[in-house]
Visitor: 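Before I ask anything, let me first share the structure, which is written out below as structure tokens.
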Amino acid sequence: MFTRTDRKLTGSRALLTGALSLVMIPLYFVHAGPPPAGNVLVRNLLTVVIFTAFLVFVTGTRRMLGPGAGLAGDIAAVSGVVYAAMTLVAASLEAGVALQYPDGSRDPTVDGPLANGMALLHGPIARILIAAFLVALAVGAHRTATLPRWARTGSVLLAVVNLAFVPSLFNGMDPANFYAANGWGSTDR
């Protein structure tokens with residue numbers, strides 16, 4: 001049974017995830033060139049907090065949908081958990097560059113042997129997982145009538161937008177290009 005306390009915790013984690021994500025975005029723009037190690041480490045510490053809150057949200061969402069959501073509820077839960085785990089792995093690789101080069105001589109988003117792989121994790125792979133979560137959420141919520149129609153419609157529309165960025169992996173690695181694999185339109189952060 002999904003209690004009022006469960007609903008408050010799930011909703012507050014959703015709001016916390018969104019608010020902290022908005023706090024983190026400017027950290028990517030405050031430095032021209034490679035960011036100092038401290039900037040990268042703060043971004044990645046925020047990522048850990050954000051995705052811990054996101055995991056609570058995903059777990060609460062699965063409980064909210066209940067057994068009536070069927071496979072859609074399970075897909076929403078699993079895609080949300082995989083997305084969080086994958087993002088935390090990519091963040092750890094990013095932090096590793098900052099720890100390896102504390103002088104800030106390397107930009108972990110574009111330098112190093114793992115930067116291209118991280119771009120795929122933060123870009124096309126993340127976009128597919130987000131789309132899977134959103135569509136499954138919409139279907140599960142429709143089956144169980146747990147969310148209003150506007151929320152279900154919004155989930156599907158956001159899923160379509162996410163899917164539109166999956167082909168960005170064919171547009172190179174120039175972060176100045178909005179639609180590049182590591183461009184601001186394509187990445188999940």
Side-chain angles (χ1 to χ4, degrees), residues 2-30 35 39-66 69 72-73 75-92 94-95 109 118-119 121-142 144 146-166 168 175 178-179 182-189:
F2 195 69
T3 66
R4 180 178 164 93
T5 302
D6 294 339
R7 184 176 299 277
K8 282 183 176 181
L9 180 63
T10 302
S12 67
R13 294 315 96 163
L15 292 173
L16 180 63
T17 298
L20 288 177
S21 295
L22 292 174
V23 167
M24 185 172 59
I25 289 170
L27 294 175
Y28 283 89
F29 296 105
V30 295
N39 175 284
V40 175
L41 296 175
V42 167
R43 290 186 328 217
N44 285 290
L45 178 60
L46 280 170
T47 299
V48 170
V49 173
I50 288 166
F51 279 91
T52 300
F54 180 75
L55 285 171
V56 174
F57 164 70
V58 168
T59 303
T61 299
R62 178 62 189 115
R63 287 193 69 194
M64 175 191 70
L65 292 173
I75 291 170
V78 170
S79 60
V81 168
V82 171
Y83 170 58
M86 180 209 58
T87 301
L88 291 169
V89 166
S92 71
E94 225 177 80
T109 61
M118 286 187 299
L121 291 174
H122 286 305
I125 296 170
R127 295 298 187 156
I128 286 179
L129 289 170
I130 293 167
F133 172 79
L134 291 169
V135 169
L137 175 64
V139 171
H142 175 73
T144 59
T146 51
L147 291 174
R149 184 176 183 167
W150 65 264
R152 298 188 310 256
T153 302
S155 291
V156 172
L157 292 174
L158 286 173
V160 169
V161 169
N162 275 277
L163 290 173
F165 283 100
V166 172
S168 67
F178 181 77
Y179 198 73
N182 62 343
W184 279 100
S186 305
T187 60
D188 66 332
R189 320 201 221 177

Visitor: Write down the atom of R62, the atom of G73, and the distance for their closest heavy-atom approach.
Guide: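 Taking R62 first and G73 second, the nearest heavy atoms are CD-O, 3.0 Å.
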Visitor: Rounded to the nearest 0.5 Å, how far does OG1 of T47 lie from CG of L41?
Guide: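 OG1 of T47 is found 11.0 Å from CG of L41.
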Visitor: Taking all non-hydrogen atoms of both residues, which atom of A126 and which atom of Y83 are closest, and how far apart?
Guide: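 Here A126 and Y83 meet closest at CB-CE1, 3.7 Å.
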Visitor: Do L46 and L27 have side chains that get closer than 4.5 Å, going by heavy atoms?
Guide: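 Heavy-atom side-chain distance check passes, below 4.5 Å.
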Visitor: In Å, rounded to the nearest 0.5 Å, how long is the span from OG1 of T87 to CG of L129?
Guide: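 It is 8.0 Å, given to the nearest 0.5 Å.
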Visitor: So how far is it from F29 CZ to N39 CG, rounded to the nearest 0.5 Å?
Guide: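 Nearest 0.5 Å value for the CZ-CG distance: 11.5 Å.
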Visitor: Taking only residues two or more places apart in sequence, or in another chain, which ones meet R13 in a salt bridge (charged side-chain N to carboxylate O under 4.0 Å, His left out)?
Guide: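 In terms of salt bridge (charged side-chain N to carboxylate O under 4.0 Å, His left out), with neighbours along the sequence ignored, R13 is linked to no residue.
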Visitor: For A136 and A76, which heavy atoms make the closest approach, and how far apart are they?
Guide: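 Heavy atoms of A136 and A76 come nearest at CB-N, 3.5 Å.
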Visitor: Cut-off 3.5 Å, no hydrogens considered: what does the side-chain donor-acceptor table look like for residues 148-156, sequence neighbours left out?
Guide:
residue, atom, partner, partner atom, Å
R152, NH1, L147, O, 2.7
T153, OG1, R149, O, 3.0
S155, OG, A151, O, 3.0

Visitor: Please check if the side chain of D6 supplies one atom and the backbone of M64 the other of a donor-acceptor pair under 3.5 Å.
Guide: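 Side chain of D6 to backbone of M64: no pair is present.
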Visitor: Measure the shortest side-chain to side-chain distance between N44 and V48 over non-hydrogen atoms and say whether it is less than 4.5 angstrom.
Guide: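 Of all side-chain heavy-atom pairs linking V48 with N44, none is under 4.5 Å.
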Visitor: Can you name the closest pair of heavy atoms from P35 and R43 and give their distance?
Guide: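 Scanning both residues completely, I find the closest heavy atoms to be CG-NH1, 3.9 Å.
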Visitor: Measure the CG-CE distance between L45 and M24 for me, rounded to the nearest 0.5 Å.
Guide: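 That separation rounds to 10.5 Å.
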Visitor: What distance separates T146 OG1 from L65 CG, expressed to the nearest 0.5 Å?
Guide: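 It comes to 4.5 Å.
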Visitor: Distance from F51 atom CZ to T17 atom OG1, nearest 0.5 Å?
Guide: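 Atom-to-atom, F51:CZ and T17:OG1 are 8.0 Å apart.
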Visitor: Just wondering, do R127 and L163 contact through their side chains at under 4.5 Å, heavy atoms?
Guide: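 The answer is no; the side chains never approach within 4.5 Å.
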Visitor: Closest approach of A69 and T144, non-hydrogen atoms and distance?
Guide: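 Smallest interatomic distance, heavy atoms only, reads N-CG2, 3.4 Å.
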Visitor: Specify the closest pair of heavy atoms between E94 and Y28, including all atoms of both residues, with the distance to one decimal.
Guide: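 It is OE1-OH, 3.9 Å.
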Visitor: Under a 3.5 Å distance rule, please check whether T10 uses its side chain to pair with a backbone N or O of R7 as donor and acceptor.
Guide: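 No; judged by distance alone, with no hydrogens or angles, the pair does not exist.
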